Engineer: 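Below are the structure tokens for one structure; questions will follow.
None of the values given here were measured: they were computed from a predicted structure. Just so we're on the same page: letters track the sequence lines, and every chain starts at 1.
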Amino acid sequence: MSTNAIAQLFRGDCELGSKVVVKGWVRTRRTSKAGISFVAVHDGSCFDPIQAVVPESLANYEEVTRLGAGCSVIISGTLVESEGKGQSVEIQAESVEVVGWVDDPEAYPIAKKRHTFEYLRTQAHLRPRTNAFGAITRLRNTVANSIHNYFYNNGFNWVNTPLITSSDCEGAGELFRVSTLDMANLPRTDKGDVDYSQDFFGSESFLTVSGQLNVESYCLAMSKVYTFGPTFRAENSNTSRHLAEFWMVEPEIAFADLEDDAALAEDFLKQVFQQVLEQREDDMAFFAQRVDKEAINRLQNVIDSKFVHMDYTDAIETLQKSGKKFEFPVEWGVDMASEHERFLCEEYAKGPVVVKNYPTDIKAFYMRLNDDNKTVAAMDVLVPGVGELIGGSQREDRLDVLDSRMDAEMREHLWWYRDLRRYGTVPHAGFGLGFERLINYISGMENIRDAIPFPRTPGSAPF
RNA sequence: UGGCCUGUAGCUGAGUGGUAAAGCGUCCGGCUGUUAACCGGAAUAUCGCAGGUUCGAGUCCUGCCAGGCCAGCCA
């Protein structure tokens, strides 16, 4: 008899009265002296565990009465309508095989009780057994799938940009070095510098901070492309919104300007949210109940409303006129601080807000210079709770302007990037979306370390 | 990297210089088609580590370690 995923049983894939086999882990067991035990089993396929009703007539019933949280079991029986409240169907067990016991029930890290997220981070290998992390894991999976679906259905090509790069001038953050040199005995040049020509790639190399520059080259051939993969930043950032290793989605569209880019971001988010509400009803109900009451309403509101757009210049004016006291003063030309971004999306727009056309001086070299010569065609999508969810721009497609924003070393290193402006250049634009930030925005989870299975942060990479 | 906060039982967490609460979980018993059940009982603590002050330190001081929050950097 084949295994039945618990999700199938609740979904009605199996007829009542049919024989089913469930394999999973015990969440709770309650024994009734009337001669039955109730065993709740989860297998990760859906939020709810299934209840198996085990009669004392089973030969190994004594074993069953010793089952506790974390034990692994195979339960065979008949799928029946539940006599009790709280679940639609349950399994009338005909056999219970205990596959793995829990050594020391008292010390089992995931006891049948509430745990803090902070504690569960120290048990990252076992936390997927909890309600919350099971839900987050399924949410991540659904969102990733929705992202690929969105792009696939809209004619985008998924481009697998490299994780190892030799470019250290992208400006997106500190880089992790990749090297096979013997650290205890580094080769030196005549000048005494480390001789990277002897390193694996024949030059200095690093883990990527962004696939953008590479994906632009495919954009200028395939028209609509995106990357979706891990990125690495060696910033010493200790906040609830930063990881040293995180996943990023970076679409890039040709023959497009900043408005097209912003429109893509909005349509993309709305469609992903729509799919999440349709496909993860059970987990979203959990988030709304236990993590953030607004979790479901928030997504529905975003789907139903238009994003608020404002120029950086207007945003600064709005902040100045707000009458609110900020720790850092606002004036045209400054990079907005968290408190400013928070005000704009949480108090002013009360939802996602798109801020566009930032001062040239505070933005990256590849962003397109506007006609005013003061601002670039950049945009950030700010959302309540997580702040900057998306950062994007129209790219500088004019070689002379691009060159003016790079120094000699960059021009030499990024010769291939410059080539893209020499051979059939076109206006193009794209953005980067932090996948874990998206997961937190959707679920209402507050710490990004809980949005990824095994978080990597400064000073911490256990597991 | 800076500022602030926190380390007490498996987990959560009281304890304001003088005998280390309690809840949950665990174990035992009772009850029950139960459902994060309920009732009764029991076991469980080098008070993060190392120094110092004191007759006496979980409590005060110093250093270190670990974690968290906020800020900067960004996604």
Engineer: Among the candidates G10(B), U34(B), C73(B), find the nucleotide nearest to the side-chain atoms of Phe38(A).
Structural biologist: U34(B)

Engineer: Checking base pairs now: Watson-Crick or wobble, both atom distances under 3.5 Å. What partners A75(B)?
Structural biologist: none

Engineer: Using the six-membered base ring of A75(B), report whether Phe435(A) stacks on it, requiring centroids under 5.5 Å and planes under 30° apart.
Structural biologist: no

Engineer: Does a nitrogen or oxygen in the side chain of Arg121(A) sit under 4.0 Å from OP1 or OP2 of C11(B)?
Structural biologist: no

Engineer: With the side chain of Asn236(A) defined as its heavy atoms from C-beta on, choose the nearest nucleotide among G33(B), C73(B), U1(B).
Structural biologist: U1(B)

Engineer: Nearest to the Ala337(A) side chain among G72(B), A75(B), G68(B), which nucleotide is it?
Structural biologist: G72(B)

Engineer: If you measure from the P atom in G23(B) to the same atom in U1(B), how many Å do you get, rounded?
Structural biologist: 43 Å

Engineer: Any side-chain N or O of Arg29(A) below 4.0 angstrom from OP1/OP2 of U34(B)?
Structural biologist: no

Engineer: Check this one for me: any side-chain N or O of Arg241(A) less than 4.0 Å away from OP1 or OP2 of A71(B)?
Structural biologist: yes

Engineer: Out of C70(B), A43(B), G33(B), which has the shortest distance to the side chain of Glu106(A)?
Structural biologist: A43(B)

Engineer: Below 3.5 Å, does any donor atom in the side chain of Arg27(A) face an acceptor in the base of A36(B), or the other way round?
Structural biologist: no

Engineer: Using a cut-off of 4.0 Å on non-hydrogen atoms, how would the nucleic acid contact of Lys112(A) be classed: base, sugar-phosphate, or nothing?
Structural biologist: sugar-phosphate

Engineer: Where the side chain of Pro105(A) is defined as all heavy atoms beyond and including C-beta, which of C11(B), U26(B), G67(B) is the nearest nucleotide?
Structural biologist: U26(B)

Engineer: Which of the following nucleotides, C69(B), G10(B), G33(B), is nearest to the side chain of Ser240(A)?
Structural biologist: C69(B)

Engineer: At under 4.0 Å, does any side-chain N or O of Ser338(A) touch on OP1 or OP2 of G72(B)?
Structural biologist: yes

Engineer: Which nucleotide wins on minimum distance to the side chain of Gln51(A), given the candidates G33(B), C70(B), C74(B)?
Structural biologist: G33(B)

Engineer: Measure centre to centre between the rings of Trp158(A) and Tyr152(A), then say whether the value is under 6.0 Å.
Structural biologist: no

Engineer: Under a 3.5 Å threshold, yes or no: a donor from one side chain and an acceptor from the other, between Glu94(A) and Ser76(A)?
Structural biologist: no

Engineer: Using a 4.0 Å heavy-atom cut-off, does Arg449(A) contact any base of the nucleic acid, only the sugar-phosphate backbone, or nothing at all?
Structural biologist: sugar-phosphate

Engineer: If you check every side-chain atom of Asn238(A), which of A75(B), U12(B), U1(B) has the closest atom?
Structural biologist: U1(B)

Engineer: Using a 6.0 Å distance limit plus a 45 degree cone around the ring axis, check whether Arg298(A) lies over the aromatic ring of Tyr441(A).
Structural biologist: yes

Engineer: Do Glu90(A) and G33(B) share a donor-acceptor pair, side chain to base, under 3.5 Å?
Structural biologist: yes

